Protein chains: 2
Amino acid sequence: MGKNEETRELIIDSARNRFLQYGFNKTTMAEIAKDCGMSASNLYRFFKDKNDILVEMTERCFRDTENCLREILRRPGMSAAERIKALVLEKLHINYDMIANEPKFNEIVMYITSERSDIVCRHKDALISSIAEAVAEGNRNGELEAPDIVKTADMISKATIMFGHPMLMNGYSLQELEDSATEIIETLVQGLRRR
Amino acid sequence: MGKNEETRELIIDSARNRFLQYGFNKTTMAEIAKDCGMSASNLYRFFKDKNDILVEMTERCFRDTENCLREILRRPGMSAAERIKALVLEKLHINYDMIANEPKFNEIVMYITSERSDIVCRHKDALISSIAEAVAEGNRNGELEAPDIVKTADMISKATIMFGHPMLMNGYSLQELEDSATEIIETLVQGLRRR
DNA sequence: AGAATGAATAATCAAGTAAATATTCACAAA
DNA sequence: TTTGTGAATATTTACTTGATTATTCATTCT
């Protein structure tokens, strides 16, 4: 890995800790720089501005999630139903962990959602792609009958939207969320089954 | 109708126009009073405070929606599937109209959601009750097989949550929303069918 | 050259004050 | 007795201005 890329990672990690713990506005460039052992002005050699650090942090976070989901697609011996459920539950767990452990997660999500909906959309599309792969697999092995794969995947993502939005998860225990997600997916898959 | 109740309605209607057009904070008690042809201090003879006007306005709005839904339950000659779809689409249309025609609807919803989630919860429960009635009907006539009626209704409401949240409807056309809602409900109902 | 810095400038935030608004109250009209 | 009002008070908002922070830049270091 290039030295330059290493420094960028160090900065993103330092910023991430501060942003999620204290919030974006309450974190100063000087603090991030101090955590990295450099001056504030030097941060600008690696990132355009403070917002840019947040954006790249978010994209990295989304990329990690997407990799998790792709890993689930590669697991052997799962039915399409099981795979779709695993995808949604994985996203749910990642979100739940963040809500539980990172005080300012909600604030950061709201900020990104309102200011950079394009990034959120791209992530949502990646999610739909993963679900689509599982649906396609279900079609191939005769478990499902979904003529329009992407439309079906999009439908599934919309029906499970509350497990990807921290705001909507508020007030439910992890158990309740898992149960609800499971019931929705099992009913949907049952409705998509080849008869 | 009592004179007192008539005045309360006049005040709520005047406030409603202002709140939805200019927002809660940008509307002054003096303006509401002027629209009603009375002094600001007289408003307090009918409502505890400004917040109270908003709350009663919201409850009235929710009650109207709930009456619409109950009316759908009384329509003759519909299958359970059709009735559930009609319920969700009705709520979707009401929300869509508000978003399209009332500039500050979103702001008001956010405010009520954060400050008085109890009211929103009660409305959500009423919605689930209506869906539950349709599910029960489906069970009776053999169209559906849902052992736990309320749990099933709750599941349906969670899977269609995006059509009840203005925030999540942002960026979709009415047609797209209707299509998505229809597809989700038809798939769910198919999954609940007696086999 | 590229990496890094402290000082300079620009933008944003925060404390304090003035103005606007919400709410109360003593009293009048119906 | 209920509806109503204008004046008085309490609260909130808007606006200054001083302080903090983001960003740029000229310069040093390697």
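The chains referred to below are lettered A, B, ... by the order of the sequence lines, with proteins before strands, and numbering in each begins at 1. Just so it is clear, the structure is predicted and the values come from calculations on it, not from any experiment.
Residues from residues 18-29 of chain A that place a heavy atom under 4.0 Å from any atom of DNA chain C, listed by number: Lys26(A). Of the residues in residues 31-51 of chain A, Met38(A), Ser39(A), Ser41(A), Asn42(A), Arg45(A), Phe46(A) come within less than 4.0 Å of DNA chain C through at least one heavy atom, sorted by number.
A salt bridge links Glu137(A) to Arg83(A): one of the charged nitrogens lies within less than 4.0 Å of a carboxylate oxygen. Of the charged side-chain nitrogens involved, none lies within less than 4.0 Å of a carboxylate oxygen, so that Arg194(B) and Glu143(B) do not count as a salt-bridged pair. Between Glu133(A) and Arg70(A) no salt bridge is recorded (no basic side-chain N to carboxylate O distance below 4.0 Å). A salt bridge does not link Lys158(A) with Glu183(B): none of the charged nitrogens is closer than 4.0 Å to a carboxylate oxygen.
Between the CD1 atom in Ile84(B) and the CD1 atom in Ile156(B) there is a gap of 4.0 Å [rounded to 0.5 Å].
The overall bend of the helix from dA1(C)-dT30(D) to dA30(C)-dT1(D), read as the angle between its terminal helix axes built from five base pairs each, is 30° when rounded to 10 degrees.
Across every non-hydrogen atom of Gly191(A) and Gln190(B), the tightest pair is O-CG, 3.4 Å.
When only modelled atom types and interatomic distance are considered, Glu59(B) and His123(B) share no side-chain donor-acceptor pair under 3.5 Å. No side-chain donor-acceptor contact under 3.5 Å links Gln21(A) and Asn17(A). In the model, Tyr111(A) has a side-chain atom that pairs as donor or acceptor with a side-chain atom of Asn51(A) under 3.5 Å.
Within 6.0 Å of the OH atom in Tyr22(A), the count of heavy atoms belonging to other residues, nucleotides or ligands does not exceed 12.
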